[in-house]
Number of protein chains: 2
Amino acid sequence: MKGMKDLIDKESRVPIYLQIEELLKQRIYLEEFKIGENIPSERELSEQLNVSRMTVRQSITNLVNNGLLYREKGRGTYVANPKLEQPLNGLTSFTEDMRARGMEPSSKLINFEKIIPPFDIGRELQLEEDEYVFHVIRIRNADLKPMAIERTYIPVKIFPELDEKKIMGSLYALIEARSHQKIGNAIQQMEAAIVSKEDSKYLQISTSQAVLIIKRTSFLTDGVPFELVRSTYRADRYKFISEIKR
Amino acid sequence: MKGMKDLIDKESRVPIYLQIEELLKQRIYLEEFKIGENIPSERELSEQLNVSRMTVRQSITNLVNNGLLYREKGRGTYVANPKLEQPLNGLTSFTEDMRARGMEPSSKLINFEKIIPPFDIGRELQLEEDEYVFHVIRIRNADLKPMAIERTYIPVKIFPELDEKKIMGSLYALIEARSHQKIGNAIQQMEAAIVSKEDSKYLQISTSQAVLIIKRTSFLTDGVPFELVRSTYRADRYKFISEIKR
DNA sequence: TTGGTATAGTTGTCTATACCAATTATAGAG
DNA sequence: CTCTATAATTGGTATAGACAACTATACCAA
């Protein structure tokens with residue numbers, strides 16, 4: 001295993017622990033490290049790569065948190081079994097979601113207006129009584145057929161200059177730049193229902209069909225909510241996949 | 001702030017970094033540290049508590065991962081906004097879930113048998129062609145009224161001595177002891193549907209009502225699947241809540 | 001007022017070392 | 001051969017210190 005340390009560039013602007021993560025991920029993917037087998041010990045890796053053990057440990061900790069590895073005290077660190085279906089957890093946008101499912105997304109803007117939100121929406125967005133929100137309604141298509149109808153609420157104070165054009169692009173980058181905050185966590189609620197008469201037209205399904213309703217509230221890293229999306233999916237076309245991590 | 005270091009017991013069997021986590025969580029909860037304000041810097045805390053900075057860092061990193069704090073390079077570490085509704089993410093059992101919702105859970109065993117699973121179930125559990133699974137059907141009540149019908153599949157090889165009595169207790173502890181592995185992550189699929197004729201009886205709802213179907217596959221830390229649960233919830237009583245973490 | 005610079009304080013990364021706790025390998029006794 | 005005590009190996013916890021990257025402020029000069 002000579003020359004292993006050449007794999008790490010200590011002068012690089014990318015942190016060593018990230019380089020090590022990439023290295024390990026590659027070797028797992030190439031099945032150099034096989035499922036269920038243990039990878040080299042932390043001490044071994046630190047010698048081979050000529051970095052300190054604590055740095056190797058940081059890399060491994062991240063991969064353990066990502067579910068690629070698991071540790072057993074006194075035994076070693078092992079490659080975990082890959083999941084059959086990749087969870088679509090991290091995804092937030094309809095576009096990403098559909099692409100990951102191998103379908104071509106498209107959208108049609110139905111409505112864009114500035115309103116005082118319904119009470120429950122205002123409460124979830126932690127707004128004052130008389131605060132305005134943008135209300136956006138869009139039909140979301142996958143492979144040109146309706147998949148969902150999406151109603152989005154964004155506080156005006158978060159992004160006052162929002163308009164019909166900006167809404168079509170990548171909002172998140174704009175919001176991050178404007179608020180000097182990054183997009184943080186989100187909370188989702190999911191329920192089943194019978195489609196409403198109005199939505200059945202938009203979704204092009206008959207009444208008395210089932211729909212999956214997903215309500216997602218997204219937060220900036222400081223915990224301020226900046227978006228609430230209520231999506232109504234055709235149950236015959238859409239299944240939601242997520243992962244529970246321990 | 002004299003005597004701060006007495007808050008940490010270095011002789012304790014519980015790691016210092018966990019003690020610090022508790023300390024910080026308490027102070028956040030008691031609003032000694034207010035939302036949006038920065039907590040003392042890592043160096044300050046390490047001096048006050050008489051521990052090394054890296055140990056303080058480990059504690060804070062965990063709280064950041066849990067969403068209680070967020071860091072900004074060059075500025076400090078801040079208290080995040082608490083979420084309005086606590087996600088029920090970590091929960092796996094119906095019992096826990098209902099208790100967390102303030103309802104009283106109960107169950108009725110409908111069926112317990114050993115079968116060769118349907119193809120798709122066997123595939124998800126990564127079984128060979130002729131491998132048996134236990135098949136358990138239970139009605140799940142909340143406050144004495146039907147909430148869901150739950151169909152569970154457990155590979156016989158994972159837990160051969162499973163029987164109708166053991167299924168009522170805490171399976172997970174038994175499985176962990178028997179497999180020398182801990183319970184790891186899980187993958188969930190969620191979809192909406194119209195209730196089947198059979199399930200409508202169990203759930204005591206009329207036909208053509210909506211139900212939320214949750215299919216969860218659970219894995220041991222080494223990635224081996226050990227359980228598949230297919231739950232059909234009454235849409236009029238149940239809403240699923242989860243969190244997306246970044 | 002504007003722009004630059006020095007400075008102090010913050011988190012981010014990294015090293016080197018030490019000891020603890022759990023597990024496994026090994027040598028030796030019977 | 002089996003059992004047992006010991007040693008070696010592994011991940012877990014903790015320390016001390018160093019430098020980098022970034023932020024906020026104060027101050028000075030144009």
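Below, chains carry the letters A, B, ... as their sequence lines are ordered, and counting in each starts from 1.
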State which of [options] makes the closest approach to the side chain of [X].
X	options	value
Met54(A)	dG12(C), dT17(C), dT23(C)	dT17(C)
Arg75(B)	dC14(C), dA21(C), dT23(D)	dT23(D)
Glu44(A)	dT10(D), dG11(D), dT13(C)	dT10(D)
Thr55(A)	dT15(C), dG11(D), dT11(C)	dT15(C)

Item checked: Along DNA chain C (nearest heavy atom to each residue), the more 5'-positioned of Tyr17(A) and Gly76(B) ->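 The residue mapped nearer the 5' terminus is Gly76(B).
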Next item on the list: Would you mind telling me which residue lines up with the more 5' stretch of DNA chain C, Leu18(A) or Pro40(B), judged by nearest nucleotide?
Entry: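 In this pair, the answer is Pro40(B).
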Between [X] and [N], is there a contact of a side-chain N or O with OP1 or OP2 at under 4.0 Å?
X	N	value
Ser52(B)	dT15(D)	yes
Ser41(A)	dT9(D)	no
Arg71(B)	dG12(C)	yes
Arg57(A)	dG12(D)	yes
Lys10(A)	dT13(C)	no

Are the charged groups of [X] and [Y] less than 4.0 angstrom apart, N to O?
X	Y	result
Glu31(B)	Lys34(B)	no
Asp163(B)	Lys166(B)	yes
Glu22(A)	Lys25(A)	yes

Quick one: [X] [atom1] to [N] [atom2], roughly how many Å, whole number?
X	N	atom1	atom2	result
Leu69(B)	dT10(C)	CG	P	16 Å
Tyr70(A)	dG11(D)	OH	C1'	14 Å
Ile8(A)	dT13(C)	CD1	C1'	14 Å
Asn62(A)	dG12(C)	CG	P	13 Å
Leu45(A)	dT15(C)	CG	C1'	17 Å
Lys73(A)	dA22(C)	NZ	C1'	6 Å
Arg13(A)	dC22(D)	CZ	P	13 Å
Arg53(A)	dC19(C)	CZ	C1'	11 Å

Note to self: Quick one: does any side-chain atom of Thr152(B) pair with a main-chain N or O of Val229(B) as donor and acceptor, under 3.5 Å?
What the structure shows: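 Side chain of Thr152(B) to backbone of Val229(B), a donor-acceptor pair under 3.5 Å: no, none is there.
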Check: Without hydrogens or angle criteria, can the side chains of Thr61(B) and Arg71(B) be said to hold a donor-acceptor pair below 3.5 Å?
Finding: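 Looking only at side-chain atoms, Arg71(B) and Thr61(B) do form a donor-acceptor pair, the distance falling under 3.5 Å.
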Note to self: Looking at dA29(D), which nucleotide sits across from it as a Watson-Crick or G-U wobble partner, both distances under 3.5 angstrom, or is there none?
What the structure shows: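 Pairing partner: dT2(C).
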Margin query: Categorize Ile16(B) for me: base, sugar-phosphate, or nothing, with a 4.0 angstrom heavy-atom threshold over every strand shown.
Written below: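 Sugar-phosphate, no base atom in range.
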Notebook entry, point to check: Ignoring hydrogens and angles, does a donor from either the side chain of Arg43(A) or the base of dG11(D) sit under 3.5 Å from an acceptor on the other?
Noted result: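 For Arg43(A), whose side chain was compared with the base of dG11(D), there is a donor-acceptor pair (under 3.5 Å).
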Check: Are the side chains of Pro225(B) and Glu124(B) in touch, meaning some heavy atoms are under 4.5 Å apart?
Finding: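 The answer is no, as the side chains (C-beta and beyond) never meet within the 4.5 Å cut-off.
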